[in-house]
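I have placed the structure first, in the form of structure tokens, so that the comments after it can refer back to it.
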Amino acid sequence: MRFPTPLIQGALVQRYKRFLADVRLAGSEVVTAHCPNPGAMLGMTAPGLRVWLSVSTAKGRALPHTLEIVETLDPAPALVGVNTGRPNSLVEEAIRGGVIAELGGYEALRREVKYGGASRIDMLLTGAGRPDCYVEVKNVHLVREPGLAEFPDCVTARGAKHLRELAAMVAAGKRAVMVYCVQRGDAHRFRLAADIDPQYAAAFAEARRGGVEALCYACEVAADAITLNTPISINEPA
């Protein structure tokens, strides 16, 4: 996924009220950008970190700038995609391009299809002679140990609800897959952050026992593009 227009580099001043970030641009101008990430963003909110912003020309938009990438320094320097609106497009692009072999061979892909308890599945894959495949995508950006990505970075009751709904689809004879999209290239393994949200970790284990599949792919992140391209192993709880 290439960014449609060049990103603007700056330095983070502060991230606040969850969805706002002040960024100092070249020339010392400070702009307030939309921060499209409801998580804790651990290790990615320190003042002075290099960041990259996209700019929208849409009329009537209060904040034209959007925080897209942060260069974290902890535990090691890495470019991290923090826009949680990007992973669905990254995964769709990878499916259509044959990168995610486990999700290949379907004839149609639809986004945001209603299912379950008033929810919408991120993607529904369908094909003749195959059970419908319900695909939920989660953005991953937390790394606390070198090479080890984790999810979630804060409590997510909504995420646990999605796991239960996926398990219900399997019970109904469908296929259900949770895809963890790691928007950074320095991770080689993945695990659930059970110390941050034990309820989510328990819901994941229950969903896996119920037949929900789990995949994890890492991305190559650069200032002009983010590409999902590398499967990484999942360390599942015993």
Side-chain angles (χ1 to χ4, degrees), residues 1-2 39 68-69 72 75-109 111 121-127 130-153 156 159 162-163 166-167 169-170 174-194 196 200-201 203-222 224-238:
M1 180 205 75
R2 299 192 65 85
E68 297 284 353
I69 297 172
T72 184
L79 295 184
V80 182
V82 297
N83 186 339
T84 59
R86 299 295 184 187
N88 284 2
S89 296
L90 290 167
V91 171
E92 178 181 357
E93 179 181 75
I95 292 173
R96 295 189 184 279
V99 174
I100 304 179
E102 299 93 334
L103 298 177
Y106 289 91
E107 297 166 5
L109 182 157
R111 295 269 293 267
I121 193 68
D122 289 327
M123 293 169 214
L124 177 62
L125 307 178
T126 57
R130 307 183 68 178
D132 292 349
C133 181
Y134 289 76
V135 180
E136 184 71 27
V137 179
K138 295 299 180 189
N139 179 69
V140 180
H141 52 252
L142 176 62
V143 168
R144 294 182 289 181
E145 300 176 17
L148 178 62
E150 297 180 88
F151 181 89
D153 75 340
T156 172
H162 289 159
L163 287 167
L166 288 177
M169 292 298 101
V170 175
K174 312 298 183 182
R175 184 185 179 198
V177 183
M178 177 64 72
V179 178
Y180 294 96
C181 173
V182 183
Q183 279 202 81
R184 53 194 299 163
D186 61 341
H188 313 293
R189 296 171 293 129
F190 170 82
R191 74 178 177 194
L192 279 300
I196 294 176
Y200 183 85
F204 175 85
E206 182 65 23
R208 294 288 285 130
R209 287 192 291 269
V212 175
E213 301 169 48
L215 304 174
C216 188
Y217 277 75
C219 296
E220 180 180 345
V221 180
D224 60 347
I226 301 176
T227 306
L228 182 149
N229 55 16
T230 307
I232 63 178
S233 61
I234 299 176
N235 296 353
E236 300 200 35

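Position 1 is the first residue of the sequence, and the numbers go up from there. Note that the coordinates shown come from a computational prediction; the quantities given were computed from them, not determined experimentally. All values below come from the heavy atoms of this structure, side chains included, with hydrogens, waters and symmetry mates left out.
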Between R191 and C216, is the side-chain contact (heavy atoms from CB on, under 4.5 Å) condition met? List the steps. CA-CA 10 Å; R191 74 178 177 194; C216 188; over 6 Å; no
Heavy atoms of other groups near E220 CD, more than 12 under 6.0 Å: no
Quick check: closest heavy atoms across C181 and L228, and the distance to 0.1 Å? SG-CD1, 3.9 Å
Contacts of Y134 meeting ring-ring contact (aromatic ring centres under 6.0 Å, His included) (sequence neighbours excluded), chain-then-number -> Y115
Apply side-chain contact (heavy atoms from CB on, under 4.5 Å) to H141 and D153, showing your working. CA-CA 8 Å; H141 52 252; D153 75 340; 3.0 Å; yes
Inter-residue atom distance I226.CD1 - M1.CE, 0.5 Å rounding: 4.5 Å
Separation of L148 CG from D186 CG (nearest 0.5 Å): 10.5 Å
Separation between OH of Y180 and CG of L192, rounded to the nearest 0.5 Å: 5.0 Å
To the nearest 0.5 Å, atom SG of C133 lies from atom CD1 of I121 at 8.5 Å
With a 4.0 Å cut-off on N to O distance, would you call R86 and E68 a salt bridge? yes
Residue pair L166 / M178: nearest heavy atoms and the distance that separates them: CD1-CE, 3.8 Å
Under the rule for side chain to side chain donor-acceptor pair (under 3.5 Å), what residues qualify as partners of E136, not counting sequence neighbours? H162
Side-chain touch L109/E92, heavy atoms, less than 4.5 angstrom: yes
Would you call V212 and V170 a side-chain contact if the rule is heavy atoms closer than 4.5 Å? yes
Distance (rounded to the nearest 0.5 Å) between L124 CG and M169 CE: 10.0 Å
side-chain contact (heavy atoms from CB on, under 4.5 Å) assessment of L215 paired with L103: CA-CA 10 Å; L215 304 174; L103 298 177; 4.2 Å; yes
Step-by-step side-chain contact (heavy atoms from CB on, under 4.5 Å) determination, V82 to N139: CA-CA 8 Å; V82 297; N139 179 69; over 6 Å; no
Considering all heavy atoms of both residues, which atom of P152 and which atom of Y200 are nearest to each other, and what is their separation? CD-CD2, 4.0 Å
Measuring from atom CD of E107 to atom OG1 of T126, what distance do you get when rounded to the nearest 0.5 angstrom? 7.0 Å
What one should report as the nearest heavy-atom pair of R175 and R130 is NH1-NH2, 4.2 Å
Closest heavy-atom pair and its distance - R184, L142: NH1-C, 4.3 Å
Taking all non-hydrogen atoms of both residues into account, name the closest pair between V140 and E150 and its distance. CG1-O, 3.3 Å
